[in-house]
Trainee: 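Pasting in a structure now, in structure tokens, and then I'll have a few things to ask.
Atoms within each ligand, like the ligands themselves, are counted from 1 in listed order.
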Amino acid sequence: MASLHLSNVTKHYDDKQPVIHGVDLEIGDGEFVVFVGPSGCGKSTLLRMIAGLEQISGGQLHIGGKLANDTPPAQRGLAMVFQSYALYPHMTVFDNMAFALKLAGQKGAQLNEAVQRAAAILQIGHLLDRKPKELSGGQRQRVAIGRAIVRKPGVFLFDEPLSNLDASLRVQMRVELSRLHQDLKSTMIYVTHDQVEAMTLGQRIVVMNGGRIEQAGTPHQLYNHPANLFVAGFLGAPKMNFIKATVAQVVGSRIVVRLPDGSLFAPEVEAGDARVEDQVTLGVRPEHMGPGDTITLTVAHAEYLGDQTVVYGSMSGDASLIAVKLAPDRAPPSAGSTLGVQLLPHRSHLFNAQGAAFLHPVTNKH
Ligand SMILES: Nc1ncnc2c1ncn2[C@@H]1O[C@H](COP(=O)(O)OP(=O)(O)O)[C@@H](O)[C@H]1O
Ligand SMILES: [Mg+2]
């Protein structure tokens, strides 16, 4: 069993302010979980505490049901892959991959077979005699992953392993990591600051900010039902539009808000404890807006991207720019022209003054 359970886990370096504030998280056996968040939010620290490379200041870490706070790294059944490959330059690919097994006393046919199997999974069998300097960046990263695979860990820990690769190779390695997970069925925890990597790799995403978990859920849940402004703004590009609004009416369980231009709009959310005159934020993603007549934008500029056109404009009463994704076959509107835009009530989000989302009427509806 390679499940993990973190209970009120905290971290402070020296006597300074805590950098991880009471994290609670359950990771199932075989699950692929991504920790994502801005630089400095504590992703690596949390991963390194799981790995045993950093002392846990408070709380409990269970691995496979056993308390592991003080278990030495080598006895946790984990293997970690870092951003820097740190291969031994004087050793061949084979020897780099065999190194940990040799240390553990393996040799002969058994050792050879373990390395060959890992190399086959990663399609680097033809590179086993080369030295690291004779490899491309992508091949080196595969060797680094191979070193982890040969040890057959119950849990793989990845800390931004693709950051040093160019964009097209990152896309390719993303696909390979997903395939690797399907093949090995191991538990994987993957740290990244890149929301696209998080969305594409994670069966579950843990969004972190300032040493806290903002929300954990499937990519679908986080994208369609973000719990707060931070998660709503972090996932998606161009990011969700935020429009300042005021609660104009509360009718039964529904809210009608007044937009900056004075118009009224009723997003499909539960009113909760909203009161008339509350300051709120309406959130609508650029792809959930289209030509229509809910609001009128004065166009600032348009970006033609081939598969879509993104138009930026502002509504009267609020100078901030709103992004709208349009089909590419429409001629982009010119700067200074007006664009009528429809807001979809059932694809709209509403956040209270503290940034917490009002619930959608039927969760998982979308
Ligand atoms: N060894 C250390 N000593 C003191 N502070 C550290 C140390 N490592 C990280 N930190 C601090 O902890 C916070 C989280 O860092 P880190 O986990 O590396 O963030 P991330 O991986 O999300 O970018 C940051 O404020 C960072 O400066
Ligand atoms: Mg980091």
Side-chain angles (χ1 to χ4, degrees), residues 4 6-25 27 32-61 63 68-70 72-73 76 78-87 137 140-141 144-145 147-148 153 155-167 169-170 173-174 177 187-202 204-217 219 222 226-237 239:
L4 290 105
L6 285 78
S7 170
N8 197 22
V9 166
T10 61
K11 176 71 183 178
H12 53 83
Y13 289 102
D14 308 325
D15 289 335
K16 296 207 198 92
Q17 288 298 310
V19 294
I20 299 288
H21 309 260
V23 160
D24 293 305
L25 187 64
I27 298 176
F32 197 142
V33 173
V34 176
F35 296 171
V36 69
S39 179
C41 72
K43 307 178 293 294
S44 295
T45 299
L46 193 56
L47 198 71
R48 292 169 61 81
M49 285 196 285
I50 292 170
L53 302 174
E54 232 20 284
Q55 188 74 36
I56 295 171
S57 307
Q60 297 185 322
L61 166 69
I63 301 176
N69 285 41
D70 299 315
R76 294 190 183 198
L78 320 156
M80 188 148 169
V81 180
F82 299 91
Q83 176 178 349
S84 61
Y85 326 121
L87 302 177
R140 278 181 217 164
Q141 190 52 282
I145 294 169
R147 273 194 314 197
V155 184
F156 284 90
L157 306 176
F158 295 98
D159 194 349
E160 313 236 10
L162 307 185
S163 299
N164 286 344
L165 306 179
D166 65 43
L169 203 50
R170 278 211 301 274
M173 287 300 293
R174 246 174 26 215
L177 281 170
T187 309
M188 294 191 174
I189 307 178
Y190 187 101
V191 161
T192 181
H193 65 275
D194 178 349
Q195 51 110 358
V196 178
E197 268 183 24
M199 289 294 286
T200 52
L201 280 172
R204 200 149 56 97
I205 300 177
V206 176
V207 178
M208 293 179 63
N209 182 32
R212 290 191 170 82
I213 294 178
E214 292 279 354
Q215 192 177 3
L222 298 201
N228 52 52
L229 273 173
F230 182 85
V231 175
F234 192 77
L235 300 175
K239 67 196 226 42

Trainee: Counting non-hydrogen protein atoms only, what is the nearest one to atom 12 (O) of ligand 1? Give residue, atom name and distance.
Mentor: V19 CG1, 3.4 Å
Trainee: Does ligand 1 have any atom sitting under 4.0 Å from a heavy atom of G37?
Mentor: no
Trainee: Nearest to atom 25 (O) of ligand 1, what protein heavy atom do you find, and at what distance?
Mentor: G40 O, 4.0 Å
Trainee: Looking only at side-chain N and O atoms, does Q215 offer a donor or acceptor that is under 3.5 Å from a partner on N228?
Mentor: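 Per modelled atom types, N228 and Q215 side chains form no pair under 3.5 Å.
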Trainee: Classify the side-chain pair N164/Q141 by whether it contains a donor and acceptor separated by less than 3.5 Å.
Mentor: no
Trainee: Specify the protein heavy atom at minimum distance from atom 15 (O) of ligand 1: its residue, its atom name, and the distance to 0.1 Å.
Mentor: T45 OG1, 3.7 Å
Trainee: Taking atom types as modelled and ignoring hydrogens, do the side chains of E197 and Y190 form a donor-acceptor contact shorter than 3.5 angstrom?
Mentor: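 Their side chains do contain a donor-acceptor pair, which is all the 3.5 Å distance test asks for.
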Trainee: Checking V34 against I189 for the side chain to side chain contact (heavy atoms under 4.5 Å, CB included) test, could you report, in this order, the C-alpha distance in whole Å, the side-chain angles of both residues, the deciding distance, and whether it holds?
Mentor: CA-CA 6 Å; V34 176; I189 307 178; over 6 Å; no
Trainee: List the closest protein heavy-atom neighbour of atom 1 (N) of ligand 1: residue, atom name, distance to the nearest 0.1 Å.
Mentor: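 The protein heavy atom lying closest is Y13 CE2, 3.5 Å.
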Trainee: Any N/O/S of S44 under 2.8 Å from the Mg ion (ligand 2)?
Mentor: yes
Trainee: Considering only the protein, which heavy-atom contact is closest to atom 19 (O) of ligand 1, and what is its distance?
Mentor: G42 N, 3.3 Å
Trainee: Checking T45 against Y13: is there a side-chain donor and acceptor pair closer than 3.5 Å?
Mentor: yes
Trainee: Compute whether any side-chain donor of one residue and acceptor of the other, for E160 and H193, lie under 3.5 angstrom apart.
Mentor: yes
Trainee: Could you find the nearest protein heavy atom to atom 18 (O) of ligand 1 and give me its residue, atom name and distance?
Mentor: S44 CB, 3.8 Å
Trainee: Between K11 (side chain) and Q55 (backbone), is there a donor-acceptor pair under 3.5 Å?
Mentor: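 The answer is yes, because a donor-acceptor pair under 3.5 Å joins these two groups.
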Trainee: For K16, is at least one N or O under 3.5 Å away from an N or O on ligand 1?
Mentor: no
